[in-house]
There are 2 protein chains.
Amino acid sequence: MEQTLKRLATMQRLQVAGLELFYQNGYHNTSVDDILKKLDLSKGAFYYHFKSKEEFFISIIQNLIVQKVYSALVQPIEGKEDPFSIIENSLDASLETAEHNFFDNGFVLSNFIAETQGKDPEVNTYLNDILKIWEVALITSLQKGKSDGYVARHVDSDGVAAYVISAYIGIRLQMASGNAKNLRYKFVQQLRAYFRSLVPQAIH
Amino acid sequence: MEQTLKRLATMQRLQVAGLELFYQNGYHNTSVDDILKKLDLSKGAFYYHFKSKEEFFISIIQNLIVQKVYSALVQPIEGKEDPFSIIENSLDASLETAEHNFFDNGFVLSNFIAETQGKDPEVNTYLNDILKIWEVALITSLQKGKSDGYVARHVDSDGVAAYVISAYIGIRLQMASGNAKNLRYKFVQQLRAYFRSLVPQAIH
DNA sequence: TCTTAATTAGACCACTTAGTCGGTCTTATT
DNA sequence: AATAAGACCGACTAAGTGGTCTAATTAAGA
């Protein structure tokens with residue numbers, strides 16, 4: 001019992017430090033030794049808990065990254081109100097934390113997807129699965145919004161979801177290169193203009 | 001004279017092969033030897049023409065990538081017609097070539113920007129400069145569109161440009177993970193809806 | 001043809017990488 | 001206290017890594 005706790009604690013420490021370094025320097029550009037040095041641990045410890053660097057990365061994806069994305073982008077839009085406003089709010093909130101994070105390096109998910117494209121197909125799959133979760137949540141929210149009269153009937157929910165995801169990925173990449181505050185403001189403005197075109201028109 | 005030609009030819013061969021491999025496997029995940037092996041050249045040849053791997057990469061960026069982006073995304077929107085339709089056309093055309101490229105790994109520029117974020121600040125700067133060129137072209141086009149009556153006066157050209165770039169970056173990343181054709185169609189649909197909200201309203 | 005310079009070959013160096021393995025310490029069980 | 005299992009250490013290996021250097025080859029000009 002105490003044992004398992006210690007085991008999990010060490011694994012968690014490794015994963016947290018690993019994610020931080022992978023996110024900062026990229027997966028291929030971060031060595032296992034880098035992570036170990038940061039925690040004053042040894043090779044033995046690492047390979048006792050994980051059987052390879054890749055498996056380690058996958059465990060990070062499935063434990064930490066899923067969580068991050070879910071709590072920041074999926075859960076907030078599971079309400080019953082106007083999809084457009086709750087989506088806008090969740091994106092804006094997420095951009096705000098990015099803006100105030102001095103070491104922001106872009107959207108974790110899209111960075112890793114870009115890096116593992118072609119190479120590392122297995123890892124890439126796990127990452128895309130997370131994107132898919134977000135996509136489904138968006139689509140669900142939009143569909144419900146139709147029944148509730150918030151979203152125009154003719155709207156293609158799939159298309160809107162893909163477009164929203166695209167825009168978010170792109171703006172995060174640009175924000176990481178400076179001028180985050182300004183970009184965030186512009187983004188929300190345009191997102192709003194876009195959403196306005198998808199609202200049911202008042203009869204006149 | 002013959003010399004210079006040969007020199008340039010070899011450099012070009014190295015750059016083309018380098019870009020291909022960097023694009024496929026990432027910059028950090030491609031060794032100089034990989035490139036050399038592909039061309040049956042030796043270390044000596046490489047370091048005779050380029051003084052380091054990084055300088056080599058920068059030369060690729062400034063020769064090949066600039067060209068690619070310019071001819072695909074900047075030049076096509078330098079017309080005098082409706083900005084929205086020429087922008088839409090240039091993006092669609094660019095997505096079409098991506099769709100039909102079986103080895104599409106996403107948008108070259110954004111992939112490299114993501115990879116060199118934090119690490120490799122110099123390289124990152126050169127890449128962002130190219131994005132900037134595109135941004136300026138978009139803004140110019142939109143501004144001209146206002147005088148010509150294609151774009152509503154109240155529109156924030158900077159914001160629209162940033163938003164268009166974002167969306168394009170994001171959709172390219174998603175397209176690389178399969179289902180390209182469908183995504184392209186959805187993207188253009190939504191882009192059109194968005195643009196409609198930025199057109200001057202007919203007086204009624 | 002002889003000389004000189006441009007270009008390429010490839011052995012070599014110092015260093016880093018992911019992963020292994022025999023051993024050690026620590027904790028739980030009897 | 002004795003035993004066993006869990007957790008960790010750190011030297012080591014084999015395969016790369018970017019980059020250097022000398023020698024060989026090729027082409028140009030006299």
Side-chain angles (χ1 to χ4, degrees), chain A residues 1-61 112 115-116 118-124, chain B residues 1-22 24-61 112 115-116 118-123:
Chain A
M1 186 56 181
E2 254 314 307
Q3 235 78 345
T4 10
L5 277 184
K6 175 155 199 189
R7 177 184 177 82
L8 291 180
T10 304
M11 289 177 76
Q12 181 99 353
R13 286 204 320 141
L14 282 166
Q15 290 168 335
V16 169
L19 174 55
E20 194 177 325
L21 291 180
F22 287 160
Y23 175 55
Q24 259 170 40
N25 311 321
Y27 172 66
H28 292 105
N29 201 34
T30 303
S31 70
V32 174
D33 281 325
D34 289 339
I35 301 165
L36 264 14
K37 201 180 302 168
K38 186 170 173 171
L39 297 179
D40 269 310
L41 280 175
S42 68
K43 273 275 170 67
F46 183 89
Y47 283 97
Y48 176 72
H49 293 291
F50 305 97
K51 76 173 207 286
S52 73
K53 188 190 177 188
E54 178 168 325
E55 194 225 57
F56 172 64
F57 190 26
I58 292 176
S59 84
I60 289 178
I61 294 170
F112 288 147
E115 188 178 352
T116 59
K119 175 86 185 163
D120 311 289
E122 191 183 348
V123 174
N124 195 262
Chain B
M1 186 56 181
E2 254 313 307
Q3 234 79 348
T4 11
L5 277 185
K6 173 158 198 187
R7 177 186 178 79
L8 290 179
T10 306
M11 290 177 75
Q12 182 99 354
R13 286 204 321 141
L14 282 166
Q15 289 168 334
V16 170
L19 175 55
E20 196 177 324
L21 291 181
F22 288 160
Q24 258 169 42
N25 311 321
Y27 172 65
H28 291 105
N29 200 34
T30 303
S31 70
V32 174
D33 280 327
D34 289 340
I35 301 164
L36 264 14
K37 202 179 303 168
K38 185 170 175 171
L39 297 178
D40 270 310
L41 281 175
S42 67
K43 274 277 171 68
F46 183 89
Y47 283 97
Y48 175 73
H49 294 290
F50 305 97
K51 75 173 208 285
S52 71
K53 188 191 178 188
E54 177 167 329
E55 194 225 57
F56 172 63
F57 190 26
I58 292 176
S59 85
I60 289 179
I61 293 170
F112 288 147
E115 188 178 352
T116 59
K119 174 87 186 162
D120 310 288
E122 191 183 349
V123 175

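In what follows, chains are A, B, ... by sequence order, proteins preceding strands, each numbered from 1.
One atom, CG of A:N25, and another, C1' of C:dT16, lie 15 Å apart when rounded to the nearest Å. Atom-to-atom, OH of A:Y47 to C1' of D:dA11 comes out at 15 Å; the value is rounded to the nearest Å. Computed from coordinates, the A:L36 CG to C:dT17 C1' distance equals 13 Å when rounded to whole Å. Separating the CD atom of A:E55 from the P atom of C:dA18 is a distance of 15 Å, rounded to the nearest angstrom. Whole-Å rounding puts the B:K43 NZ to C:dT8 P distance at 16 Å. Nucleotide D:dC8 holds its C1' atom 12 Å from the CZ atom of A:R13, rounded to whole Å. A straight line from CG of B:D33 to P of D:dG18 spans 7 Å, rounded to a whole angstrom. Separating the CG atom of A:L14 from the P atom of C:dA18 is a distance of 14 Å, rounded to the nearest angstrom.
Remark: the backbone N or O of B:V123 is not paired with any side-chain donor or acceptor of B:T116 at under 3.5 angstrom. Checking side-chain atoms of A:E115 against main-chain N and O of A:G26 turns up no donor-acceptor pair under 3.5 Å.
Contact check for B:N25 versus B:N29: side-chain heavy atoms found under the 4.5 Å cut-off.
Phosphate contact (OP1/OP2 of D:dC8, side-chain N/O of A:T10, threshold under 4.0 Å): present. Between B:H49 and C:dA6 there is no side-chain N or O to OP1 or OP2 distance below 4.0 Å. Residue B:Y48 places no side-chain N or O under 4.0 Å from the OP1 or OP2 atom of C:dT8. Residue B:R7 has no polar side-chain atom (N or O) positioned under 4.0 Å from OP1 or OP2 of C:dA6.
The side chain of B:S31 lies closest to D:dT17, out of D:dA11, D:dG19, D:dT17. Out of D:dC9, C:dG19, D:dG18, the shortest distance to the side chain of A:L41 is found at D:dC9. Proximity note for B:A45 (side chain, C-beta onward) versus C:dA18, D:dG19, C:dT8: the nearest is C:dT8.
Crowding of A:K38 atom NZ: a count of heavy atoms from other residues, nucleotides or ligands under 6.0 Å exceeding 12. Other residues, nucleotides and ligands contribute over 12 non-hydrogen atoms within 6.0 Å of the CD atom of A:E55.
A:N29 comes within 4.0 angstrom of nothing in the nucleic acid, heavy atoms only. Within 4.0 Å (heavy atoms only), B:K53 reaches sugar-phosphate atoms of the nucleic acid but no base atom.
Nearest-nucleotide assignment on DNA chain C puts the 5′-proximal partner with A:H28, out of A:H28 and A:G44.
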